[in-house]
Amino acid sequence: MPVLAPRSRAKEFALDVTEKVSGIVALNRGVLEPILVALLARGHVLIEGIPGIGKTLLARTLARCIDCDMSRIQFTNDLMPSDVVGTAVWRPGAERFDFVKGPLFANVVLADEFNRTSPRTLSCLLEAMEHGRVSIEGKSVELADPFLVLATRNPIEFHGTYPVPEAVLDRFLVRVKLDYPEVERELALYLGEEPEARLATLTPSISREELIALSRGVAGVEVSEPVAAYCYRVISATRRHDAVALGASPRAAMAWLRAARARAVLDARSYVLPDDLKALALSVLAHRVFLKGGGDATAVVDSIVGATPVEL
């Protein structure tokens with residue numbers, strides 16, 4: 001199949017995958033867009049939500065929509081790096097060790113309750129997220145392309161978990177929260193066909209080659225000086241806010257702009273609008289801003305974005 005020009009394909013892809021995922025997973029509005037943005041921007045997603053809300057089904061459905069492999073890793077405190085990355089296995093007939101790839105080598109990796117594992121094992125996941133490769137016996141091995149980590153964290157269960165440092169949270173391009181679905185969506189889930197049956201008949205919305213082409217187009221999206229200045233004013237305001245102990249860093253600002261570029265591609269545009277930044281502000285910035293008294297910074301970031309004027 002020939003790879004189509006990114007701008008002529010992106011909007012069609014976004015609409016189609018949104019319709020297909022929404023038909024299988026009871027997601028509230030606004031949840032899927034940041035995930036598609038992360039996919040296109042080669043970022044990763046932190047998902048917060050209670051058990052049974054559809055996180056695994058979401059990962060499987062998304063992987064099917066983009067014609068990619070998916071794996072799930074249940075993180076526990078006794079999980080070893082080799083359980084994630086893979087290990088060398090002795091082949092007696094061949095008289096050699098062969099490397100058997102672990103679940104981290106899939107295109108879409110669901111890292112379930114990633115905060116339950118030890119720092120040593122978590123470092124393997126972080127290396128993969130940051131560089132798209134892992135170190136095996138002193139050698140770097142490239143991971144799949146595309147590569148998307150969906151890491152989940154239960155917001156109400158902390159027994160047996162490790163604290164997640166600020167530097168680790170910063171590795172996630174976006175954070176999304178899965179809550180109980182809206183009434184109409186939950187009723188439709190009860191009355192409709194079983195999600196597994198619908199998933200079995202799902203056809204991909206895009207090929208891997210097309211998806212990679214779309215992803216490569218993100219870097220070429222234009223950010224004008226006024227849009228960059230707006231970004232800076234918001235970022236700067238997070239550092240001056242009375243309730244904030246640690247504001248957004250320059251790396252957070254760059255991540256915000258990269259996400260905005262990806263959103264522009266999904267809307268078939270070659271330039272970023274302030275609305276792109278506004279739409280993604282909570283998903284990209286709230287988990288990178290830390291309050292003096294602890295807690296979630298969503299309300300603070302929302303108020304800052306609302307109070308910062310756009311000067312074009």
Participant: More than 12 non-hydrogen atoms from neighbouring residues, nucleotides or ligands closer than 6.0 Å to CZ on Arg120, yes or no?
Facilitator: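 Not buried by this count: 12 neighbours or fewer within 6.0 Å.
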Participant: Just checking, any donor-acceptor pair under 3.5 angstrom between side chains of Arg42 and Ser215?
Facilitator: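 Result is yes, a qualifying pair exists.
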Participant: Salt bridge or not between Lys20 and Asp16? Use side-chain N to carboxylate O under 4.0 Å.
Facilitator: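 Answer for the salt bridge query: yes.
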Participant: For the pair Arg208 and Asp69, find out whether any cationic side-chain nitrogen is under 4.0 Å from an anionic carboxylate oxygen.
Facilitator: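 Answer for the salt bridge query: yes.
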Participant: With distance as the sole criterion, is a donor-acceptor pair present between the side chains of Thr298 and Arg175 under 3.5 Å?
Facilitator: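 On atom types as modelled, these side chains qualify, holding a pair under 3.5 Å.
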Participant: Assess whether a salt bridge exists between Glu127 and Arg133, defined as any Lys/Arg side-chain N lying under 4.0 Å from an Asp/Glu carboxylate O.
Facilitator: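 Judged by the 4.0 Å cut-off on N to carboxylate O distance, Glu127 and Arg133 do not form a salt bridge.
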Participant: Give the C-alpha distance, both sets of side-chain angles, the deciding distance and a yes or no for salt bridge (charged side-chain N to carboxylate O under 4.0 Å, His left out) between Asp296 and Lys177.
Facilitator: CA-CA 12 Å; Asp296 194 290; Lys177 295 184 178 182; 2.8 Å; yes
Participant: Ion pair present between Arg60 and Glu196, side-chain N to carboxylate O less than 4.0 angstrom?
Facilitator: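 The answer is yes: the pair qualifies as a salt bridge.
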Participant: Between Arg269 and Tyr271, is NZ or CZ placed under 6.0 angstrom from the six-membered ring centre and within 45° of the ring axis?
Facilitator: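 Ring-cation test returns yes.
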Participant: Verify the cluster assignment for Val310 and Leu282: are they in a single hydrophobic cluster under the rule of side-chain heavy atoms below 4.5 Å apart?
Facilitator: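 Yes; Leu282 is reachable from Val310 via cluster members.
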Participant: Given side chains that start at C-beta, do those of Pro226 and Glu311 come closer than 4.5 Å, heavy atoms only?
Facilitator: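 No, side chains not in contact.
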Participant: Is the shortest heavy-atom distance from the side chain of Arg263 to the side chain of Leu280 under 4.5 Å?
Facilitator: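 Of all side-chain heavy-atom pairs linking Leu280 with Arg263, at least one is under 4.5 Å.
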Participant: Decide yes or no for Val164 and Arg153: does some side-chain heavy atom of the first lie under 4.5 Å from some side-chain heavy atom of the second?
Facilitator: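 Yes, side chains in contact.
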Participant: Can we say Lys55 and Asp112 salt-bridge, meaning some charged N sits less than 4.0 Å from an Asp/Glu carboxylate O?
Facilitator: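 So Lys55 does not pair with Asp112 through a salt bridge.
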Participant: By the definition side chain to side chain contact (heavy atoms under 4.5 Å, CB included), identify the one residue from Leu36, Asn107, Val108 that meets it with Ile66.
Facilitator: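 Going through Leu36, Asn107, Val108 one by one, the side chain to side chain contact (heavy atoms under 4.5 Å, CB included) with Ile66 is satisfied by Val108 alone.
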